[in-house]
> 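Questions regarding the structure given below will be posed in turn.
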Protein chains: 2
Amino acid sequence: MTTSRRSGENLPKRAHLHKIFDEYLSQLGLRQTRQRKIILDAVLSSGRHVDAETIFNEVKKIDASIGLATIYRTLKMMTDSQILVERHFGGDRASFEFADLGNEHHDHLICNQCGEIVEFFDEGLERYQDLVAKNLGFNLKNHKMELFADCLASENCNRKNLK
Amino acid sequence: MTTSRRSGENLPKRAHLHKIFDEYLSQLGLRQTRQRKIILDAVLSSGRHVDAETIFNEVKKIDASIGLATIYRTLKMMTDSQILVERHFGGDRASFEFADLGNEHHDHLICNQCGEIVEFFDEGLERYQDLVAKNLGFNLKNHKMELFADCLASENCNRKNLK
DNA sequence: TTCGCTGCAAAGGATTTGCATTCTA
DNA sequence: TAGAATGCAAATCCTTTGCAGCGAA
């Protein structure tokens with residue numbers, strides 16, 4: 001059985017993530033600042049997969065004085081605090097997404113037409129990967145898998161979001 | 001059934017690749033040069049997964065006057081000519097490997113201990129991925145999969161190559 | 001004698017870091 | 001008030017490009 005989630009669906013609760021991040025900060029004797037709140041809000045309202053530039057642009061609307069360096073520093077901090085995970089889909093630009101808080105790991109399917117990213121999890125596939133690694137003489141620890149595909153029916157594809 | 005190949009095994013024949021590359025060059029009216037020969041030789045003797053820096057160091061032993069820019073230009077050219085494929089394992093540095101000349105696609109398993117890269121192909125796994133994509137409403141075109149694992153028995157791991 | 005090639009240095013793009021200043025706790 | 005955080009600019013890292021001279025065909 002395959003479970004999936006498309007971009008923007010099922011976002012973790014705003015308050016919950018603010019709480020986790022705040023707790024992380026105080027545990028380490030770090031400070032809650034205006035820019036950290038703004039950046040987290042920007043991440044929260046920017047969909048599941050964002051990069052530093054996107055957040056920067058979003059943040060500038062609220063406070064134009066915030067610098068790109070702070071975005072990077074804060075994104076890294078959020079990654080350390082486990083609320084975000086860093087990905088490298090393209091090769092150059094890093095992409096961030098919410099960690100699966102207490103939830104399952106997932107993989108990604110990227111639509112060749114519109115670039116939509118569908119997150120999915122398939123237990124059988126996971127087991128199969130485990131088996132293959134064992135056959136090769138290894139003990140699988142984790143993996144990265146991205147499927148690149150065309151949609152079968154146009155409703156599945158949000159190419160309409162493109163211009 | 002899983003087939004696999006470890007770094008350095010089963011290298012394509014030197015003469016064969018030189019021929020393919022030379023033909024590619026003349027087809028496009030490009031020139032065979034001393035540095036292109038040297039760089040291809042360096043790639044050929046550097047194992048299956050190499051980066052620009054590695055090739056640069058190898059090449060310098062033969063001709064210290066060759067510049068890094070030429071390495072990049074030539075590597076790109078070899079990628080265009082289909083004898084190499086560019087990969088992005090880490091995220092920053094690009095890695096190149098020989099294309100599967102008329103052969104099958106493969107995935108990678110990377111050893112957490114020594115960084116060894118094992119190439120493998122498993123038809124069942126491929127079919128399973130296809131199925132998962134279909135379930136999500138997509139037609140799988142290609143994919144990227146990397147397994148990160150620990151070796152089960154020390155003989156499988158070439159950590160002895162590390163210092 | 002052409003152009004394609006090359007080395008070098010400068011340019012790029014993403015991300016990080018040094019530093020003086022500002023601000024949270 | 002101490003020390004963390006910020007903004008800015010400079011610095012990195014990998015890779016690409018511009019350019020004037022070099023060299024295959």
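Letters go in sequence order (proteins before strands), and every chain restarts at 1. Both backbone and side-chain heavy atoms feed into the values below; hydrogens, waters and symmetry mates do not.
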> Is a donor from one side chain sitting under 3.5 angstrom from an acceptor on the other, for His88(A) and Asp92(B)?
no

> For dT16(C), does either OP1 or OP2 sit under 4.0 Å from a side-chain N or O belonging to Arg73(A)?
no

> Distance check needed: dG7(C) C1' versus Ile38(B) CD1, whole Å only.
14 Å

> So which nucleotide from dC8(C), dT15(C), dG7(D) ends up closest to the side chain of Ala69(B)?
dC8(C)

> So which heavy atom on Val118(B) is nearest to which on Ser4(B), and how close?
CG1-CB, 4.0 Å

> Side-chain N or O of Thr70(A) less than 4.0 angstrom from OP1 or OP2 on dG7(D)?
yes

> Salt bridge check: are Lys37(A) and Asp41(A) linked by an N-O gap of less than 4.0 Å?
no

> Look at all strands and tell whether Arg34(A) reaches a base, only sugar-phosphate, or nothing, counting heavy atoms closer than 4.0 Å.
nothing

> Closer to the 5' end of DNA chain C via nearest nucleotide, is it Ala64(B) or Phe96(A)?
Ala64(B)

> Rounded to whole angstroms, how far apart are CD1 on Ile66(A) and P on dC23(C)?
13 Å

> So, does Arg31(A) get its side chain near the phosphate of dC23(C), meaning an N or O under 4.0 Å from OP1 or OP2?
no

> Take atom CD1 of Ile55(A) and atom P of dA14(C), then tell me their distance rounded to the nearest Å.
15 Å

> Given atom CG of Asp92(A) and atom P of dT15(C), what is their separation to the nearest angstrom?
8 Å

> Could you give the CZ-to-P distance, from Arg87(A) to dA14(C), as a whole number of Å?
21 Å

> NA contact type, Gln35(A), heavy-atom cut-off 4.0 Å: base, sugar-phosphate, or nothing?
sugar-phosphate

> If I take atom CG in residue Leu28(A) and atom C1' in nucleotide dT24(C), what distance separates them, rounded to the nearest angstrom?
16 Å

> Restricting to non-hydrogen atoms, name the atom on Ala94(B) and the atom on Asp51(B) that form the minimum distance, rounded to 0.1 Å.
O-CB, 3.3 Å

> Mind checking Gln32(B) for me? I need base, sugar-phosphate or nothing, with any heavy atom below 4.0 Å counting as a touch.
sugar-phosphate

> Provide, to the nearest angstrom, the distance between the CG atom belonging to Leu68(B) and the P atom belonging to dC14(D).
10 Å

> Closest-nucleotide mapping onto DNA chain D: is Leu30(B) or Asp63(A) further toward the 5' terminus? I mean the 5' end.
Asp63(A)

> Provide, to the nearest angstrom, the distance between the NZ atom belonging to Lys60(B) and the C1' atom belonging to dG7(C).
14 Å

> To check you understand the geometry: which heavy-atom pair defines the closest contact between Phe56(A) and Gly67(A), and what is its length?
CE1-C, 3.8 Å

> Does Tyr72(B) have a side-chain nitrogen or oxygen under 4.0 Å from the phosphate oxygens OP1 or OP2 of dT15(D)?
yes

> Please tell me if Thr33(A) has a side-chain N or O lying less than 4.0 Å from either OP1 or OP2 of dT6(D).
yes

